[in-house]
Amino acid sequence: MKIDLNIQPLESWIQTGKEPLLIAGPCSAETEDQLVATAHLLAKTGKVTALRAGIWKPRTRPGEFEGIGSIGLKWLNRAKEETGLPTTVEVATAKHVEEALAAGVDILWVGARSTANPFTVQEIADALKGVDIPVMVKNPVNPDLTLWIGALERINNAGITKLAAIHRGFSSYEKSAFRNEPMWDLAINLKTHAPGLPIICDPSHISGNRDLIPYISQKALDMDMQGLMIESHIDPSVAWTDAKQQVTPAALAELIANLTLRKPETRNAEINDKLADLRNNIDKIDDLVIQKMAERMQIVEQIGTYKRDNNITILQVNRWDEILHKRTSYAKALKLSTEFTEKLLELIHSESIRKQTEIMNKSQVVATEKLTHA
Ligand code: PEP
Ligand code: MN
């Protein structure tokens with residue numbers, strides 16, 4: 001899938017000199033004091049580029065704190081005046097967009113629940129027509145890359161060129177250490193489809209727990225994401241929303257200071273030569289793996305034909321168990337993880353079954369054709 005987004009570089013709408021780019025602030029604006037005091041402490045760290053705060057909060061159940069509403073926009077403006085930090089809020093309706101624009105909010109973001117609904121995204125996009133404001137689009141709650149891309153396209157089609165994606169993880173039925181599964185492949189896939197699109201990681205909503213935030217932040221930087229959005233509250237223990245995942249501004253500064261910044265490339269010739277050598281070896285091995293796979297599939301085809309001609313079922317569970325068992329112990333001896341080997345074998349096995357099914361079905365078509373021509 002190729003996606004064509006008309007976007008301006010990140011530097012054109014947000015200060016990128018600080019490493020890493022950091023958007024921070026409370027999950028929710030609760031009181032004027034809480035927001036302004038948090039903003040001051042964040043600004044003092046010297047590590048924060050923009051101030052975030054939820055004004056309208058999407059809550060799973062009614063009766064929970066649903067955001068302070070429009071009055072919070074005034075508090076955000078005061079925080080901006082006093083600290084110089086540009087502001088960003090979540091918008092989920094056309095009315096939110098109008099109010100945020102009228103209040104002079106600098107950057108808007110579309111939340112995960114909104115991205116999952118094309119009607120909502122379109123309503124937001126329509127309200128943004130003719131406006132020049134940066135918009136960040138969070139991934140949808142469910143792991144659906146196309147839905148994420150669709151939302152980015154809708155906003156971009158409305159004429160918004162200052163665009164970024166936010167990776168905040170995906171909801172999953174399975175129990176996990178994370179509040180939202182990171183599913184890094186999806187974010188990497190988005191990067192591959194839209195290379196110029198900046199992706200900012202939101203380790204707070206992935207983690208759901210402040211202890212995991214450093215790990216996810218480091219991983220995001222190692223995946224070459226362009227920045228982080230982290231929830232920070234002056235006193236997380238009394239936060240009205242997402243208390244477990246918020247960190248104090250001081251803890252945030254420490255967390256950022258402990259991250260290792262790695263570059264996607266270097267100008268050091270010696271390092272580049274060594275890397276080129278290693279990559280060369282990888283290329284050769286990959287070619288060999290593919291060649292061997294093709295050879296394996298040719299044998300699978302012969303087996304398929306043989307099974308068809310002798311009326312033997314495609315799948316023999318015992319044989320599959322034996323393969324799985326033998327190969328995983330061999331792989332383990334060679335220091336490959338069992339999880340990896342099992343995944344790899346399952347992939348190869350399902351392709352083998354697909355090929356054999358094709359052969360069996362072909363025979364049926366041929367047999368039916370023979371019948372109809374008889
Ligand atoms: C938030 O950023 O506070 C928020 C509600 O996030 P998400 O849309 O990712 O759940
Ligand atoms: Mn939150």
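We count ligands from 1, going down the list as the structure has it; atoms in each ligand are counted the same way. Quantities reported herein were computed from a predicted structural model and do not represent experimental measurements.
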Asker: Taking Lys274 first and then Asp277, would you say they form a salt bridge - that is, a charged N and a carboxylate O separated by under 4.0 Å?
Answerer: no
Asker: For atom 5 (C) of ligand 1, what's the nearest protein heavy-atom neighbour? Residue, atom name and distance, please.
Answerer: Glu90 OE1, 3.7 Å
Asker: Just do the salt bridge (Lys or Arg N to Asp or Glu O under 4.0 Å) check on Glu351 and Arg354 with the steps written out, would you?
Answerer: CA-CA 5 Å; Glu351 176 63 6; Arg354 193 192 63 77; 2.9 Å; yes
Asker: Report the nearest protein non-hydrogen atom to atom 8 (O) of ligand 1: residue, atom name, distance rounded to 0.1 Å.
Answerer: Ala112 N, 2.9 Å
Asker: With atoms numbered from 1 as shown, which atoms in ligand 1 lie under 4.0 angstrom from a non-hydrogen atom of Arg168?
Answerer: 7 (P), 9 (O), 10 (O)
Asker: Within the structure, does Asp202 bring an N/O atom to less than 3.5 angstrom of an N/O atom in ligand 1?
Answerer: no
Asker: Check this for me: does any side-chain nitrogen of one of Glu322 and Arg319 sit under 4.0 Å from a carboxylate oxygen of the other?
Answerer: yes
Asker: Considering only heavy atoms of Glu231, which atoms of ligand 1 have at least one such atom less than 4.0 Å away?
Answerer: 1 (C), 3 (O)
Asker: What protein heavy atom sits nearest atom 4 (C) of ligand 1, and how far off is it?
Answerer: His205 NE2, 3.5 Å
Asker: Which ligand 1 atoms are under 4.0 Å away from a heavy-atom of Trp109?
Answerer: 2 (O)
Asker: Answer with yes or no whether the side chains of Asp235 and Ser237 bring together a donor and an acceptor at under 3.5 Å.
Answerer: yes
Asker: Sub-3.5 Å donor-acceptor pair from the side chain of Thr161 to the main-chain atoms of Gln8, do we have one?
Answerer: no
Asker: Using a strict 4.0 Å threshold on nitrogen-to-oxygen distance, state whether Arg52 and Glu90 make a salt bridge.
Answerer: no
Asker: With heavy atoms of Arg113 as the reference, note each atom of ligand 1 found under 4.0 Å away.
Answerer: 7 (P), 8 (O), 10 (O)
Asker: Can you name the N/O/S atom of Glu231 that is nearest the Mn ion (ligand 2)?
Answerer: OE2
Asker: Taking only heavy atoms of Gly111 into account, list the atoms of ligand 1 that are under 4.0 Å away from them.
Answerer: 8 (O)
Asker: Indicate the ring-plane relationship of Trp320 and His349, choosing parallel, tilted or perpendicular according to the 30° and 60° boundaries.
Answerer: parallel
Asker: As a test of reading the structure, name the N/O/S atom of His205 that is nearest the Mn ion (ligand 2).
Answerer: NE2
Asker: Pick one of side chain, backbone, both or neither for how Arg52 approaches ligand 1, counting any non-hydrogen atom pair under 4.0 Å.
Answerer: side chain
Asker: May I ask you to list the atoms of ligand 1 that are less than 4.0 angstrom from any heavy atom of Lys57?
Answerer: 1 (C), 3 (O), 5 (C)
Asker: Of the protein's non-hydrogen atoms, which lies at the shortest distance from atom 6 (O) of ligand 1, and what is that distance?
Answerer: Lys138 NZ, 2.9 Å
Asker: With the threshold set at under 4.0 angstrom, would you say Cys27 reaches ligand 1 through any of its heavy atoms?
Answerer: yes
Asker: Can we say Lys292 and Glu295 salt-bridge, meaning some charged N sits less than 4.0 Å from an Asp/Glu carboxylate O?
Answerer: yes
Asker: By atom name, which N, O or S atom belonging to Asp242 lies closest to the Mn ion (ligand 2)?
Answerer: OD2
Asker: Would you say Gln122 and Asp126 are linked by a side-chain donor-acceptor pair, where the criterion is simply a distance under 3.5 Å?
Answerer: yes
Asker: Supply the atom-to-atom distance Asn6 CG to Asn157 CG, rounded to the nearest 0.5 angstrom.
Answerer: 10.0 Å
